[in-house]
Amino acid sequence: MDTHNNSEKPQDTGHEWDGIRELTNPPPRWWLISFHIGWIWCIIYFLLYPSIPLINGSNEGLLGWTQIKEFKEAVAENDAVKAPYVEKLKAMSASDIMADAELRNFAESAAKAVYGDNCAACHGAGGEGAEGLFPVLADDNWLYGGDIDTIIETITDGRMGDMPAHADMLEAEQIETLTDFVIALPKGEASKAGWAMFEEAGCMGCHGDNAKGGALNDDTYSGAVNLTDQVWRFGGNREEVLRTIRYGVNQDDVAQTRSAIMPAFGEKLTAEQIKILAIKIHAMGGGQ
Ligand code: HEC
Ligand code: HEC
């Protein structure tokens with residue numbers, strides 16, 4: 001039974017399924033407008049942008065747009081924003097850059113990628129180092145020194161700590177005494193006999209009269225570690241300390257010597273890259 005619009009029965013197409021008729025009413029106006037906008041939009045888009053796949057790529061489109069071009073434009077825009085900063089970084093010394101909060105921030109964030117590409121493999125993403133192999137950079141404990149000029153020098157020229165092997169120079173007993181001494185030092189329990197042996201064996205020449213290491217003693221070898229703190233370069237248990245004293249560090253002719261080589265980056269990186277890296281490392285170490 002037809003209960004709707006009984007008075008004017010709309011035209012139908014003659015199709016009917018289970019009492020549902022297909023009418024010939026025109027589609028609503030809003031629908032028609034959207035429909036036409038839709039296909040016109042498709043054609044315009046089709047003409048303006050690359051749309052026909054070809055064997056090597058696609059047609060160009062009237063706008064000549066490509067993703068690569070858009071990317072390059074974005075990069076150029078970014079470079080233009082950075083240009084004044086980059087110029088300043090080139091012209092200014094590291095300490096002047098650090099004195100300017102804005103430039104310093106810029107340098108530190110620009111250094112992230114350079115650090116990731118060149119340093120993180122050894123020193124860790126956050127400068128945490130690797131025990132016994134690569135020193136921690138994110139602390140205020142330095143082999144060579146944490147002032148900005150020393151850090152620049154370290155990165156530019158590289159470093160190679162040099163400690164002689166003492167296995168053939170000292171008696172086994174003397175080495176034992178020195179090992180006890182080194183382990184007792186950070187605990188504040190070093191004996192007089194230990195200090196005497198430390199002097200007699202020539203350890204003070206590099207580690208200093210106070211055993212605080214070269215970075216804290218101007219007249220001694222700068223890479224020689226501070227032996228009085230709790231921070232161990234190679235490990236503080238008996239075996240590790242014995243090994244260091246017996247076989248030294250970076251001794252080519254000693255099979256069990258420790259290897260500790262920081263590569264030189266002076267030729268691989270630009271002066272600006274080294275400058276911003278040093279600023280970042282300086283900040284990681286808490287500055288000085
Ligand atoms: C192949 C591993 C390796 C890479 C790569 C490396 N380093 Fe080193 N770095 C070392 C080692 C090993 C030492 C310790 C040298 C020593 O004990 O004499 C060191 C020492 C340092 C020191 C001295 C720390 C101190 O306490 O005085 C700094 C600073 C430093 N590295 C920064 C960097 C920066 C910045 C980079 C990236 C440009 C870098 N390193 C890349 C291995 C590496
Ligand atoms: C020619 C200089 C030199 C002399 C002499 C020297 N050292 Fe060293 N020593 C170093 C350097 C450099 C390092 C650190 C190596 C590195 O990290 O590159 C070091 C590291 C050590 C370490 C490792 C500490 C740690 O934190 O793991 C110990 C222990 C040590 N020395 C003890 C001694 C004792 C004991 C003597 C005397 C028998 C001595 N050294 C003589 C230069 C020297």
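Environment of CD in E16: crowded, with over 12 heavy atoms of neighbouring residues, nucleotides or ligands closer than 6.0 Å. The neighbour count for E199 CD, taken as heavy atoms of other residues, nucleotides or ligands under 6.0 Å away, does not exceed 12. Heavy-atom neighbours of D79 CG from other residues, nucleotides or ligands within 6.0 Å: above the threshold of 12. Within 6.0 Å of CD1 in I40 there are more than 12 heavy atoms belonging to other residues, nucleotides or ligands. Counting heavy-atom neighbours within 6.0 Å of E60 CD, excluding the residue itself, gives a total of 12 or less.
Between the side chains of N118 and K268, at least one donor-acceptor pair of N or O atoms lies under 3.5 Å. No side-chain donor-acceptor contact under 3.5 Å links Y144 and E153. In this structure, a donor-acceptor pair under 3.5 Å is absent between the side chains of N226 and N141. No hydrogens or angles considered: a donor-acceptor pair under 3.5 Å links the side chains of T150 and D147. In summary, the side chains of T244 and R258 do present a donor paired with an acceptor at a separation below 3.5 Å, with no hydrogens or angles considered.
The nearest pair of heavy atoms linking P164 to M169 is CB-CE, 4.0 Å. In terms of heavy atoms, E240 sits closest to G235 at CB-O, 3.4 Å. Closest non-hydrogen pair, K187 versus I183, comes out as NZ-CG2, 3.8 Å. G285 approaches D140 most closely through the heavy-atom pair O-CB, 3.4 Å.
In this structure, H123 and M262 have side chains that are in contact, with non-hydrogen atoms separated by less than 4.5 Å. No side-chain heavy atom of R246 sits less than 4.5 Å from a side-chain heavy atom of H166. By the 4.5 Å heavy-atom criterion applied to side chains, T228 and P186 are not counted as neighbours. Within the 4.5 Å cutoff, the side chain of L32 has no heavy atoms near those of the R29 side chain. Using a 4.5 Å heavy-atom threshold, the side chains of L133 and E131 count as separate. Counting heavy atoms from C-beta outward, Q174 and M197 have side chains that approach closer than 4.5 Å. By the 4.5 Å heavy-atom criterion applied to side chains, S222 and L143 are not counted as neighbours. A heavy-atom distance below 4.5 Å is not found between the side chains of T257 and N250.
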Please test N25 against Q11 for side-chain hydrogen bond (donor to acceptor under 3.5 Å, both in side chains), starting from the C-alpha separation and ending with a verdict.
CA-CA 7 Å; N25 284 342; Q11 292 285 307; over 6 Å; no

Please determine whether side-chain contact (heavy atoms from CB on, under 4.5 Å) holds for the pair L277 and L269, giving the CA-CA distance in whole Å, both sets of side-chain angles, and the decisive distance to 0.1 Å.
CA-CA 10 Å; L277 267 177; L269 301 176; 3.6 Å; yes

Please test Y221 against H207 for side-chain contact (heavy atoms from CB on, under 4.5 Å), starting from the C-alpha separation and ending with a verdict.
CA-CA 7 Å; Y221 176 53; H207 291 280; over 6 Å; no

Step by step, work out the side-chain contact (heavy atoms from CB on, under 4.5 Å) result for Y85 and L103.
CA-CA 7 Å; Y85 289 102; L103 271 181; 3.7 Å; yes

Going through the distances and angles, do V249 and F234 end up as a side-chain contact (heavy atoms from CB on, under 4.5 Å)?
CA-CA 10 Å; V249 180; F234 300 114; 3.8 Å; yes

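Following chains of ILVMFWY side-chain contacts shorter than 4.5 Å, one can reach I97 starting from V86, so the two form part of one hydrophobic cluster. Hydrophobic clustering, with ILVMFWY side chains joined whenever heavy atoms are under 4.5 angstrom apart, keeps W65 apart from F71. Hydrophobic clustering keeps V231 apart from L185 (ILVMFWY residues linked when any side-chain heavy atoms are closer than 4.5 Å, directly or through intermediates). Hydrophobic clustering of Ile, Leu, Val, Met, Phe, Trp and Tyr side chains at less than 4.5 Å, counting indirect connections, keeps F46 apart from L63. Residues L216 and M163 do not share a hydrophobic cluster, clusters being chains of Ile/Leu/Val/Met/Phe/Trp/Tyr side chains in contact below 4.5 Å.
The aromatic rings of F198 and W195 sit perpendicular, their planes meeting at an angle over 60°, well past the 30° parallel limit. Taking the six-membered ring where tryptophan is involved, the planes of W41 and Y45 are tilted, since the angle between them lies from 30° to 60°.
For the pair D100 and K88, the salt-bridge criterion is not met [side-chain N within less than 4.0 Å of a carboxylate O]. Of the charged side-chain nitrogens involved, none lies within less than 4.0 Å of a carboxylate oxygen, so that K72 and E77 do not count as a salt-bridged pair. A salt bridge links E108 with R104: the distance from a Lys NZ or Arg NE/NH1/NH2 to an Asp or Glu carboxylate oxygen falls below 4.0 Å.
Remark: side-chain polar atoms of S58 are not paired, donor with acceptor, to backbone N or O of L54 under 3.5 angstrom. A distance-only check finds no donor-acceptor pair linking the side chain of S51 to the backbone of L47 [under 3.5 Å]. The backbone N or O of T270 lies less than 3.5 Å from a partner atom in the side chain of Q273, making a donor-acceptor pair. For the pair T154 (side chain) and I152 (backbone), a donor-acceptor distance under 3.5 Å is absent. Using a distance-only test at 3.5 Å, with no hydrogens or angles considered, a donor-acceptor pair links the side chain of R243 to the main chain of Q256. Side chain of N217 to main chain of G213: a donor-acceptor pair is present (N/O by atom type, distance under 3.5 Å, no hydrogens or angles). Between the side chain of K275 and the backbone N or O of L89 there is at least one donor-acceptor pair closer than 3.5 Å.
Not counting sequence neighbours, Y115 has no partner by the ring pair (Phe, Tyr, Trp, His ring centres under 6.0 Å) test.
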